[in-house]
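Inspection log for the structure reproduced underneath, given as structure tokens.
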Amino acid sequence: MHDHPEGHESGARLEAEGEVATARIALAGGDLGHAARHLEDALARDPGLPEIHEALAEFAARVGGAEAALAYFAPEERAFIGTVAARGHLCAVAGHWDEAVGLLAQCAGYEPQRPWLDVAWLCRPDIAELVAPDTVARAAARVAPQLPDPVDEERRGPLLPLLDLVRASVARHPDHTMLLWCGSTLARRMGGTEEAVGWARRSYELEPSHPAAVMLGYALRSAGRSEEALEVWRREVARDPSDLDLYVDIAELLDGLGRPAEGVAWAERALAADPSHPKAAPAVHALRHATEPDLRHLVALADHLRAEPGHGYAADLLARLSQGTPWLNWIPGGNEAVVSLLHQALGQSVPGDAGLTLTISALEPPSALLALRSAYPNAVTEIQSVPEPDLRIPPRPVEVALWAYEGTTARPAVRPPSPEAAEAVRRLAWHGWPHLVAAYDDAVALSALDPEDLLGVLVHPPAPREDEMGRALAAQAPDLWIRCVQVWACLGLAHHRTDEPWAVSRRRALLVDVLNNAEDWVCEAAALAIVATAWTDPAVRKDAAELVGRRLLDALEARRTRVVTLTWSLCHLALATPELIPQVAALATDILRMIDTEDDEEAAASR
């Protein structure tokens with residue numbers, strides 16, 4: 001599930017070394033075609049391996065020089081990144097400098113994180129004399145848009161040869177307008193903001209082209225001079241109103257300046273000009289949310305993404321606006337007393353068979369106690385009371401009870417899942433997602449599982465994965481792992497027989513049953529799955545609002561006479577539910593405000 005980059009790089013180097021060795025054997029045997037293929041494969045695996053260049057030189061010498069060797073590396077015949085790179089290096093040896101730079105830029109544009117450009121010949125002091133400025137400009141324009149803005153400083157190394165080439169070429173051709181604005185796009189992403197501003201401004205002064213104006217605005221924005229960027233872009237739109245992307249850029253810039261209402265107007269202008277524009281409608285929804293934080297704007301953004309799944313900008317905005325919000329972006333931990341005691345114990349000892357005795361003033365959800373036993377199987381808990389209303393009794397009738405109580409001890413009331421189902425959930429379970437639509441979509445991988453197995457996972461959770469993060473969860477937050485498993489199991493239930501109409505579906509019946517089970521984390525998990533389904537299907541929204549709202553009201557009714565540890569979470573789940581009844585939304589907001597006040601007072605008293 002989770003890569004280990006160092007091990008991956010080491011394995012890639014070993015594979016590349018093996019390809020080079022095989023290429024040399026083929027070359028010694030006169031099998032030139034196979035030798036060429038293995039050299040291409042070596043470059044694809046590790047473009048930074050020095051032995052590849054030595055072997056390419058040996059290949060060229062064997063066939064009569066670099067010019068002759070080019071015939072064996074034809075990208076138009078084999079569309080493979082290793083072929084492109086090999087041809088690029090041979091072009092450099094043959095003195096075809098423009099083609100060489102263009103080919104390596106093609107590789108770097110496809111995989112910018114790898115050292116395609118970190119080669120000796122590209123660092124020659126006279127390289128700018130050998131390569132045409134048009135070629136350098138196109139190379140920068142090919143690579144720059146594929147880079148983050150900005151590139152993390154520790155990741156810039158493999159790209160510096162291209163930036164150095166741009167700098168040398170600008171010094172040699174200071175009036176080449178395309179080179180200046182293309183170079184500005186690369187310099188900006190590589191941390192050279194003032195350089196980027198200077199190059200784009202000079203390009204615009206020499207020739208007030210649209211690309212130069214756009215890049216000057218980007219450079220000024222990166223340099224923290226947003227008002228100047230806004231002025232440049234407004235002037236450009238007045239001069240050339242055809243670029244609707246620039247309208248969206250202006251809208252975003254205004255939002256960054258704390259003026260989202262003005263930004264909405266710009267995004268709406270783009271939407272009116274082209275209702276199918278891939279950025280206009282998402283920008284309108286996002287900026288309306290900035291102007292008036294309301295769930296309906298995020299849901300509208302999700303609806304747009306559902307209608308246009310290829311609009312990556314909408315997905316990016318939805319992820320950004322969901323970030324940090326409980327349940328929209330991450331699974332919150334439990335707040336039970338037993339969870340606090342569990343974390344205290346983990347801070348003092350490692351999980352295991354050590355004896356542990358905990359006294360808990362009131363009965364708490366069984367999953368919280370399950371988390372304790374997952375870390376300390378021999379733990380003994382003493383429950384001092386069972387306040388009314390009794391949390392062991394479901395607030396509403398259910399067909400399948402997930403827990404059976406013997407006194408205050410809860411036991412799973414359903415069979416364990418099959419090993420295959422447990423492993424499927426184990427592979428997928430995680431405590432965060434970009435946004436709810438992404439979580440729902442990812443859970444389709446569980447759609448073929450028997451729902452009885454998914455119910456079993458809720459109370460017989462598999463152990464965390466055997467990777468670095470799984471081990472960290474087992475050692476530091478076993479409670480969070482159980483909550484993750486329960487959420488993903490319920491998301492799997494949400495995909496059961498999706499061809500059935502929601503109102504009469506088996507998936508609804510199952511999720512409503514879990515939602516209304518005896519008070520436990522599984523109720524939150526089912527609520528999340530219902531909410532996620534509502535985000536993806538407008539036909540579900542009214543019912544979801546009633547179901548989740550009613551479960552919250554049941555919890556608040558119980559809260560009149562005892563602690564309900566699910567309250568905070570159920571309030572957030574209700575507020576994440578599309579078309580929630582306004583009175584319930586207001587109540588949830590008030591309760592959260594009250595809980596925050598109580599927490600602040602408790603923290604102040606403890607200081």
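Along the sequence shown, the residues carry numbers beginning at 1.
For the pair Leu553 and Leu587, the minimum side-chain heavy-atom distance is below 4.5 Å. Considering only heavy atoms from C-beta on, Tyr313 stays 4.5 Å or farther from Glu308 through its side chain. For the pair Leu179/Ser169, a side-chain contact is recorded, criterion being any heavy-atom separation below 4.5 Å from C-beta on. Two residues are said to be in side-chain contact when any heavy atoms from C-beta on lie closer than 4.5 Å; Arg189 and Asp149 meet this criterion. Contact of the Trp535 side chain with the Pro578 side chain is registered, since non-hydrogen atoms from C-beta on lie closer than 4.5 Å. Residues Trp181 and Met178 are in side-chain contact: their nearest non-hydrogen atoms beyond the backbone lie under 4.5 Å apart. Using a 4.5 Å heavy-atom cutoff, the side chains of Leu491 and Leu446 are not in contact. At a threshold of 4.5 Å between non-hydrogen side-chain atoms, the residues Trp199 and Val166 count as touching.
Side chain of Thr536 to main chain of Thr533: a donor-acceptor pair is present (N/O by atom type, distance under 3.5 Å, no hydrogens or angles). In terms of modelled atom types and a separation under 3.5 Å, the side chain of Asp152 and the main chain of Arg155 share no donor-acceptor contact. In this structure, Ser209 contributes its side chain and Ala212 its backbone to a donor-acceptor pair below 3.5 Å. No donor-acceptor pair under 3.5 Å is formed between the side chain of Asp118 and the backbone N or O of Gly157. Within the 3.5 Å criterion, the main-chain N or O of Ala534 finds a donor-acceptor partner in the side chain of Arg541. No donor-acceptor pair closer than 3.5 Å links the side chain of Arg559 to the backbone N or O of Thr567. Checking side-chain atoms of Trp116 against main-chain N and O of Leu103 turns up no donor-acceptor pair under 3.5 Å. Panel note: side chain Arg142, backbone Ala105; no donor-acceptor pair is recorded below 3.5 Å. Side-chain atoms of Arg551 never come within 3.5 Å of backbone atoms of Ala527 as a donor-acceptor pair (strictly under, hydrogens ignored). The closest donor-acceptor contact from the side chain of His277 to the backbone of Ala280 lies under 3.5 Å.
With respect to Glu99 and Arg138, no salt bridge is recorded, no charged nitrogen being found less than 4.0 Å from a carboxylate O. Ion pair Arg114/Glu111 flagged as a salt bridge, since at least one NZ, NE, NH1 or NH2 atom sits closer than 4.0 Å to an Asp/Glu carboxylate oxygen. The existence of a salt bridge linking Arg167 and Asp164 is confirmed by a sub-4.0 Å separation between a basic side-chain nitrogen and an acidic carboxylate oxygen. Using a 4.0 Å cut-off between charged nitrogen and carboxylate oxygen, Asp537 and Arg306 do not count as a salt-bridge pair. By the 4.0 Å N-to-carboxylate-O rule, Arg288 lies close enough to Glu268 to be salt-bridged with it. Using a cutoff of 4.0 Å between basic side-chain nitrogens and carboxylate oxygens, Arg259 and Glu227 are scored as salt-bridged. Between Glu231 and Arg234 no salt bridge is recorded (no basic side-chain N to carboxylate O distance below 4.0 Å). A salt bridge links Arg483 to Glu524: at least one charged side-chain nitrogen sits closer than 4.0 Å to a carboxylate oxygen. The residues Arg225 and Glu194 are annotated as salt-bridged, a charged nitrogen and a carboxylate oxygen being separated by less than 4.0 angstrom. Taking a cutoff of 4.0 Å between a charged side-chain nitrogen and a carboxylate oxygen, Glu195 and Arg188 do not qualify as a salt bridge.
For the 3.5 Å distance criterion, the side chains of His311 and His304 qualify, holding a donor opposite an acceptor. A donor-acceptor contact under 3.5 angstrom links the side chains of His343 and Asp479, judged on distance only. Side-chain N/O atoms of Glu336 and Trp521 include a donor and acceptor closer than 3.5 Å.
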Using the side chain to side chain contact (heavy atoms under 4.5 Å, CB included) rule, take Asp249 and Leu253 through it: C-alpha gap first, then chi angles, then the decisive distance, then the call.
CA-CA 6 Å; Asp249 289 334; Leu253 189 59; over 6 Å; no

Intermediate values then yes/no, side chain to side chain contact (heavy atoms under 4.5 Å, CB included), Val232 and Arg235
CA-CA 5 Å; Val232 168; Arg235 281 201 311 267; 3.8 Å; yes

Worked verdict on Trp502 versus Asp543 for side-chain hydrogen bond (donor to acceptor under 3.5 Å, both in side chains):
CA-CA 9 Å; Trp502 168 259; Asp543 186 45; 2.8 Å; yes

Can you list the steps and then say if Leu436 with Leu298 is a side chain to side chain contact (heavy atoms under 4.5 Å, CB included)?
CA-CA 10 Å; Leu436 268 184; Leu298 298 187; over 6 Å; no

Before giving the answer on side chain to side chain contact (heavy atoms under 4.5 Å, CB included), spell out for Glu129 and Trp97 the whole-Å C-alpha distance, their side-chain angles and the decisive distance to 0.1 Å.
CA-CA 10 Å; Glu129 301 173 20; Trp97 298 105; over 6 Å; no

For His285 and Asp303: C-alpha separation, side-chain torsions, deciding distance, then whether side-chain hydrogen bond (donor to acceptor under 3.5 Å, both in side chains) applies.
CA-CA 10 Å; His285 299 315; Asp303 286 345; over 6 Å; no

Would you check, one step at a time, whether the test side-chain hydrogen bond (donor to acceptor under 3.5 Å, both in side chains) holds for Trp327 with Ser569?
CA-CA 8 Å; Trp327 296 114; Ser569 186; 2.8 Å; yes

Please evaluate residues Glu236 and Arg239 with respect to the criterion salt bridge (charged side-chain N to carboxylate O under 4.0 Å, His left out), reporting the C-alpha separation (whole Å), side-chain torsions for both, the decisive distance (0.1 Å), and the verdict.
CA-CA 5 Å; Glu236 182 57 24; Arg239 191 186 71 84; 2.7 Å; yes

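Atoms CZ and CG, on Arg296 and Leu301 in that order, are 14.0 Å from each other to the nearest 0.5 Å. Here the CZ atom belonging to Arg465 is positioned 8.5 Å from the CG atom belonging to Leu428, to the nearest 0.5 angstrom. A distance of 8.0 Å separates CG in Leu580 from CG in Leu552, rounded to the nearest 0.5 Å. Taking NE2 from His176 and SG from Cys182, the interatomic distance works out to 9.0 Å, rounded to the nearest 0.5 Å. Interatomic distance, CD1 of Ile530 versus CG of Leu515, reported as 4.5 Å (0.5 Å rounding). Once rounded to the nearest 0.5 Å, the distance linking CD1 of Ile595 with OG1 of Thr597 reads 10.0 Å.
The minimum heavy-atom distance linking Ala251 with Leu287 is given by the pair CB-CD1, 3.5 Å. Minimum interatomic distance between Leu206 and Pro174 (heavy atoms only, all atoms of both residues): CD1-O, 4.1 Å. Taking every heavy atom of both residues into account, Asn329 and Ser322 meet most closely at CB-O, 3.0 Å. Residue Val425 comes nearest to Ala489 through the heavy atom pair CG1-N, 4.3 Å, listed as atom of the first residue, atom of the second, then distance. In plain terms, the two heavy atoms of Ser203 and Leu180 that are nearest each other are CB-CB, 3.6 Å. When all heavy atoms of Ala144 and Thr185 are compared, the pair lying nearest together is CB-OG1, 3.4 Å.
Ring centroids of Trp233 and Tyr218 are separated by less than 6.0 Å, placing the two rings close together. Between His495 and Tyr440, the distance separating the two ring centers is shorter than 6.0 angstrom.
Of the candidates Leu592, Asp590, Leu566, Cys571 forms a side chain to side chain contact (heavy atoms under 4.5 Å, CB included) with just one, namely Leu592.
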